[in-house]
Student: 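Below you will find the structure I want to go over with you.
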Amino acid sequence: MIAISYIEWSDDTIKRFRKKLLTWYDENKRDLPWRKDTNPYHVFISEIMLQQTQVNTVIDYYLKFIEAFPTVFDLAQAPEDKLMAVWQGLGYYSRARNMQAAAQQIVFDYKGQWPKTAKELEKLKGIGPYTSCAIASISFGEVEPAIDGNAFRVFARLLKIEDDIAKPKTKTIFYDIVKKIIDPNRPGDFNQAIMDLGSSYMRAKNPLIEQSPVYEFDASGQDGTCLNYPVKTKKKPPQKIPYYGFIIKTSEGYLMEKRPKTGILANFLMFPLVKKTLTEIESFENYFKSNYAVEIKNAQLSDDLKVIHTFTHQQWQISLVVADLVAFDNSNFIEVTSEELDYLNLSALQKKMNKILA
DNA sequence: AATACGTGGGC
DNA sequence: TGCCCAAGTAT
């Protein structure tokens, strides 16, 4: 058993830290659209969008989303295409579906009344340990630390916490530490102040160490080791997967395929993709006919047309094949006009392929 | 516990 | 370029 050590603060230090942090926050907090009030619906929408997504990216999406679905009731009854129209391009699309499921839970299971504790909030779809604590603290004043990437980094640096934040059990270590430090009188502001601190002075790269408002509490900043924190083991690089991507021309546009209901880019319309396997496809025409009941002709593999798209865990290397449609008998496929391509709900990958057509 | 799940930006 | 990151959750 290795003893994990980190800096421990006295009660007095904790009190001075809260005061310093919140004073700084009161004077310097970012003016963000979801900070105009503490309406739980607003906090909920922003927190879901902010999962693994940067503030600058979220701002426009948030404004459009609130305009399209002003209340939890609007979201609960929204048609899927309208929901996806607002979310397209943001990524992690299950967030949008879970978010609507959560809205329906609020409306039907909770009669429109938001639960006020992290424990209850975590029962909602798409709301986990971080988001439940964020909503509970910001909207309802519950004293719960919201441990996100910022909190990991800020407290790891302040206290020189050596635990690997890539390991799930480390979350409870940080939770227990921050639970003692969080200001019981202003838990929501405390959590948000830590996030603002983590995105400015104590950012991942190029931190502003000595100018930090809490430099006097910053152990790793003072001894020049702050870039060693937080400790985090590296993830595996994305697996490279070669595909053929088919641009199948129709009289007025292209043939598209509806992706499976589960998995990556679920339900999106996309140009048909076929994994390249060890056994080379002998003929694109025969492949489409026997596998999809889709008849094509003039299939031409282009060495110039390649699209590389990197997800978190996969990199798709797509070699494009141009062909002409003859006929098809498969409900998973649909003819789309060139004009429709411009306003359909599409993934960033499909939009990347669209650009090649122009 | 480990992996699936998107995207855009920075260096 | 390739790698890492950015307010995580579900399974």
Side-chain angles (χ1 to χ4, degrees), chain A residues 29-30 32-35 42-62 84 87-99 101-102 121-135 137-138 145-154 164-172 174-175 178 188 190-200 202-207 227 230 232-241 259-260 262-268 270 308-317 345-352:
Chain A
K29 65 181 170 192
R30 287 175 289 181
L32 300 170
W34 48 87
R35 284 183 176 174
H42 295 162
V43 176
F44 165 66
I45 300 300
S46 67
E47 289 298 342
I48 299 294
M49 287 186 168
L50 285 161
Q51 290 169 4
Q52 301 292 284
T53 309
Q54 297 190 322
V55 167
N56 281 341
T57 303
V58 167
I59 290 175
D60 287 341
Y61 280 94
Y62 174 82
M84 294 314 291
W87 196 273
Q88 63 174 317
L90 238 200
Y92 286 148
Y93 297 94
S94 65
R95 286 184 296 175
R97 299 190 176 92
N98 286 151
M99 175 187 265
L121 286 162
E122 204 172 337
K123 293 177 182 171
L124 301 171
K125 290 279 194 327
I127 294 186
Y130 162 75
T131 306
S132 61
C133 290
I135 298 172
S137 64
I138 296 170
I147 310 297
D148 70 331
N150 286 302
F152 273 130
R153 183 173 56 260
V154 166
D164 181 359
I165 67 166
K167 296 188 184 306
K169 61 183 293 188
T170 301
K171 189 171 304 215
T172 63
F174 276 74
Y175 178 89
V178 183
F190 181 95
N191 284 332
Q192 293 182 91
I194 294 298
M195 296 177 208
D196 278 17
L197 193 60
S199 68
S200 57
M202 300 186 74
R203 66 182 74 144
K205 293 172 185 171
N206 305 317
L227 291 181
K232 185 182 185 182
T233 53
K234 289 178 180 150
K235 290 176 205 159
K236 283 192 279 189
Q239 181 190 7
K240 294 176 179 174
I241 305 179
R259 292 186 54 78
T262 59
I264 195 163
L265 301 179
N267 294 330
F268 273 109
M270 193 167 302
I308 310 290
H309 192 80
T310 307
F311 301 101
T312 308
H313 60 301
Q314 290 180 355
Q315 181 181 80
W316 291 5
Q317 303 173 322
N345 297 334
L346 299 173
S347 65
L349 167 56
Q350 179 58 44
K351 288 183 177 177
K352 201 185 281 187

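Order of the sequence lines sets the chain letters (A, B, ...), proteins ahead of strands, with each chain counted from 1.
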Student: Whole angstrom is fine here: how far is it from CD in Gln88(A) over to P in dG8(B)?
Tutor: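 The distance from CD of Gln88(A) to P of dG8(B) comes to 11 Å, rounded to the nearest Å.
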Student: Along DNA chain C, 5' to 3', what are the outermost nucleotides having an atom less than 4.0 Å from a heavy atom of chain A?
Tutor: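 Contacts span dC4(C) to dA10(C), reading 5' to 3'.
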Student: Just wondering, do Pro207(A) and Met202(A) contact through their side chains at under 4.5 Å, heavy atoms?
Tutor: no
Student: Take atom CD of Gln52(A) and atom P of dG6(B), then tell me their distance rounded to the nearest Å.
Tutor: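 Atom CD in Gln52(A) sits about 12 Å away from atom P in dG6(B).
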Student: Using atom CZ of Arg97(A) as one end and atom P of dC5(B) as the other, report the distance to the nearest whole Å.
Tutor: 12 Å
Student: Expressed in whole Å, how much space separates the P atoms belonging to dA6(C) and dC5(B)?
Tutor: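 Rounded to whole Å, the distance is 23 Å.
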Student: How many Å lie between CZ on Phe311(A) and P on dG8(B), as a whole number?
Tutor: 11 Å
Student: Are more than 12 heavy atoms, taken from residues, nucleotides or ligands other than Lys167(A), located less than 6.0 Å from that residue's NZ atom?
Tutor: no
Student: Does dT7(B) have OP1 or OP2 sitting under 4.0 Å from an N or O in the side chain of His309(A)?
Tutor: yes
Student: Starting at CZ of Phe268(A) and ending at C1' of dT7(B), how long is that distance when rounded to a whole Å?
Tutor: 11 Å
Student: Mind checking the P distance from dG8(B) to dT9(C)? Whole angstroms is fine.
Tutor: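 About 22 Å, rounded to a whole number of Å.
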Student: Which residues pass the side chain to side chain contact (heavy atoms under 4.5 Å, CB included) test with Thr233(A), not counting sequence neighbours?
Tutor: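 With sequence neighbours excluded, Thr233(A) shows a side chain to side chain contact (heavy atoms under 4.5 Å, CB included) to Asp164(A), Ala166(A), given in chain and number order.
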Student: Measure CG/Asp60(A) against P/dG8(B) and give the value in whole Å, please.
Tutor: 13 Å
Student: Measure from CD1 on Ile241(A) to C1' on dT3(B) and round the result to the nearest Å.
Tutor: 13 Å
Student: So, OP1 or OP2 of dT7(B): does either fall under 4.0 Å of a side-chain N or O from Tyr93(A)?
Tutor: yes
Student: With a 4.0 Å cut-off, would you call Asp196(A) and Arg30(A) a salt bridge?
Tutor: yes
Student: For Gln314(A) and dG6(B), give me the distance from atom CD to atom C1', rounded to whole Å.
Tutor: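 The distance from CD of Gln314(A) to C1' of dG6(B) comes to 12 Å, rounded to the nearest Å.
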Student: Does His313(A) place a side-chain N or O at less than 4.0 Å from the phosphate oxygens OP1/OP2 of dC5(B)?
Tutor: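 Affirmative; the distance criterion is met.
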Student: Is any N or O donor-acceptor pair between the side chain of Thr53(A) and the base of dG6(B) shorter than 3.5 Å?
Tutor: yes
